Amino acid sequence: TGMAYSCEQKTRPAPPPPRPYIPRLPQKADVALHEFVSLHFNSFPVQFVVTRCCDNAVSVSLGDHFVARSTDTIDAIFLKDSAGNEFSLLQHSDAQLGFVYDPHDSLSEAYLGFEFDTAEDVINADVKPKLLRVTKTEKDKSVEKDELLVVRKVKRNRLKVYSITKNTEKKLSKSCKGCFTTAPYKVALPLSDLIDHVPNVFQSKAVLVLGTASNTSHVPRHWVSEPVTVFRRGQENVLVAQRTTGEWVNIPVSLNIYVQVLYHNQEASKAPEQSMCEALVPSRTRWV
């Protein structure tokens, strides 16, 4: 007799699901950001990853992914910290600068601010402040509470000021009473207003005050607590890029970071033009 065999088929385990494709980093060495732009500008869009960050004033982190879209030249204000590190901010960003009035070379005093009771006190000061905020007024109607004043000069025993709040020139008599403070956070101004209205801005010490929009959230923390010097105004070459979240950013080409190409993203080139144009509006684009 022959041997009987079972006709039942053994159930095989289901194959594992395919793994998601993760692009591998190229084996070649990474390159500085400015070199990456020079090498790949004609083949944008290109996706890249940050491999090294060499500045402490950098908003990007190791491993951040971006899609490079284009380059642009943008008006910027260049600042320096106490260590000599230079940093640029978009001139029309909503970051603000509060001037540090420091006649006694004491930052602890300067951060608290000085108060003047009358215009005469300002006139008699050996070192005159650039900006004053009116925190209270008495019977004198020549100034109003919360008015922000730019100190121009003393002429014929009157304090000539420009009211940014009222957009008008004023001449304050010595008897003008109130409370005028120099506290940096109370006299803070957007960069564009600072350049337009305050004389002798450059080489002045200031404290950086963050605005409300996202394009200032990258500012290093120590720049908010330590004074910076308003160094110069100029133009910054930037890389217009997108994060993987879709957020548009302007990355200074001079930023001291190293990157590697992941791949040339053909799908990225299909993004609608309108979204890019809208993203380049300063209030909607982060300044990295």
Side-chain angles (χ1 to χ4, degrees), residues 75-79 89-104 107 109-213 215-216 219 224 227-233 282-283:
D75 291 332
I77 303 299
F78 292 82
L79 312 173
L89 284 175
L90 183 66
Q91 184 169 324
H92 296 288
S93 77
D94 46 349
Q96 299 186 8
L97 282 177
F99 273 123
V100 177
Y101 175 63
D102 191 13
H104 302 152
L107 285 177
E109 278 188 336
Y111 284 170
L112 291 175
F114 293 84
E115 292 186 349
F116 300 89
D117 294 327
T118 65
E120 184 177 11
D121 293 336
V122 180
I123 292 173
N124 293 334
D126 293 332
V127 180
K128 293 175 178 53
K130 293 180 183 290
L131 288 164
L132 294 169
R133 175 76 71 177
V134 182
T135 57
K136 66 179 181 181
T137 58
E138 296 186 5
K139 295 180 180 180
D140 197 305
K141 300 298 182 182
S142 55
V143 292
E144 296 180 7
K145 184 179 178 181
D146 293 329
E147 202 168 347
L148 185 58
L149 307 175
V150 179
V151 177
R152 298 291 198 202
K153 60 183 178 180
V154 177
K155 187 175 182 180
R156 296 178 181 176
N157 287 326
R158 287 177 175 266
L159 183 65
K160 189 175 181 180
V161 299
Y162 172 76
S163 173
I164 293 178
T165 311
K166 299 293 184 179
N167 191 27
T168 185
E169 298 278 354
K170 294 187 175 185
K171 294 179 181 179
L172 306 182
S173 65
K174 287 185 174 182
S175 60
C176 177
K177 291 185 178 181
C179 184
F180 306 91
T181 183
T182 65
Y185 294 96
K186 292 186 178 180
V187 299
L189 270 177
L191 292 176
S192 56
D193 289 343
L194 199 70
I195 298 299
D196 291 341
H197 299 301
V198 182
N200 303 319
V201 167
F202 300 105
Q203 304 306 320
S204 299
K205 286 185 179 179
V207 174
L208 197 61
V209 182
L210 299 188
T212 55
N215 65 352
T216 58
V219 175
V224 182
V228 295
T229 300
V230 185
F231 184 51
R232 62 183 174 89
R233 175 170 54 182
S283 62

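Keep in mind the model is a prediction, meaning the values are calculated, not measured. Numbering of residues begins at 1 and proceeds along the displayed sequence.
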Between [atom1] on residue [X] and [atom2] on residue [Y], distance to nearest 0.5 Å:
X: Glu115; Y: Arg133; atom1: CD; atom2: CZ; result: 13.5 Å
X: Arg233; Y: Asp75; atom1: CZ; atom2: CG; result: 8.0 Å
X: Lys174; Y: Ile123; atom1: NZ; atom2: CD1; result: 6.0 Å
X: Lys171; Y: Asn157; atom1: NZ; atom2: CG; result: 12.5 Å
X: Asp117; Y: Lys177; atom1: CG; atom2: NZ; result: 9.0 Å
X: Lys205; Y: Leu79; atom1: NZ; atom2: CG; result: 14.5 Å

Could you check Leu97, Val198, Leu131 and say which one makes a side-chain contact (heavy atoms from CB on, under 4.5 Å) with Val187?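 Among Leu97, Val198, Leu131, the one that satisfies the side-chain contact (heavy atoms from CB on, under 4.5 Å) with Val187 is Leu131.
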
Does [atom1] belonging to [X] count more than 12 external heavy atoms closer than 6.0 Å?
X: Lys170; atom1: NZ; answer: yes
X: Lys186; atom1: NZ; answer: no
X: Lys130; atom1: NZ; answer: yes

Using a 4.5 Å cut-off on heavy atoms from C-beta on, say whether the side chain of [Y] contacts that of [X].
X: Leu189; Y: Gln96; answer: no
X: Pro129; Y: Phe116; answer: yes
X: Lys166; Y: Glu144; answer: yes
X: Leu132; Y: Val151; answer: yes
X: Pro199; Y: Val150; answer: yes
X: Phe99; Y: Val201; answer: yes
X: Val100; Y: Tyr111; answer: yes
X: Thr229; Y: Gln203; answer: yes

Between [X] and [Y], what is the shortest heavy-atom contact and its length?
X: Ala206; Y: Val230; result: CB-CG2, 4.4 Å
X: Cys176; Y: Ser142; result: SG-OG, 3.3 Å
X: Pro184; Y: Ala110; result: CD-O, 3.3 Å

Go through Glu169 and Arg152 one step at a time and tell me if the side chain to side chain contact (heavy atoms under 4.5 Å, CB included) criterion holds. CA-CA 9 Å; Glu169 298 278 354; Arg152 298 291 198 202; 3.9 Å; yes

Counting N and O atoms only, with roles assigned by atom type, does the side chain of [X] sit under 3.5 Å from a partner on the main chain of [Y], one being a donor and the other an acceptor?
X: Arg158; Y: Leu172; answer: no
X: Thr182; Y: Phe114; answer: yes
X: Thr135; Y: Cys179; answer: yes
X: Lys136; Y: Lys145; answer: no
X: Tyr185; Y: Val207; answer: no

Do the side-chain N and O atoms of Ser163 and Glu147 include a donor-acceptor pair separated by under 3.5 angstrom?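 On atom types as modelled, these side chains qualify, holding a pair under 3.5 Å.
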
Between Thr165 and Asp146, is a side chain to side chain contact (heavy atoms under 4.5 Å, CB included) present by the stated rule, with each step listed? CA-CA 8 Å; Thr165 311; Asp146 293 329; over 6 Å; no

With side chain to side chain contact (heavy atoms under 4.5 Å, CB included) as the criterion, how do Leu149 and Ile164 come out once you've worked through the C-alpha distance, each side chain's angles and the decisive distance to 0.1 Å? CA-CA 6 Å; Leu149 307 175; Ile164 293 178; over 6 Å; no

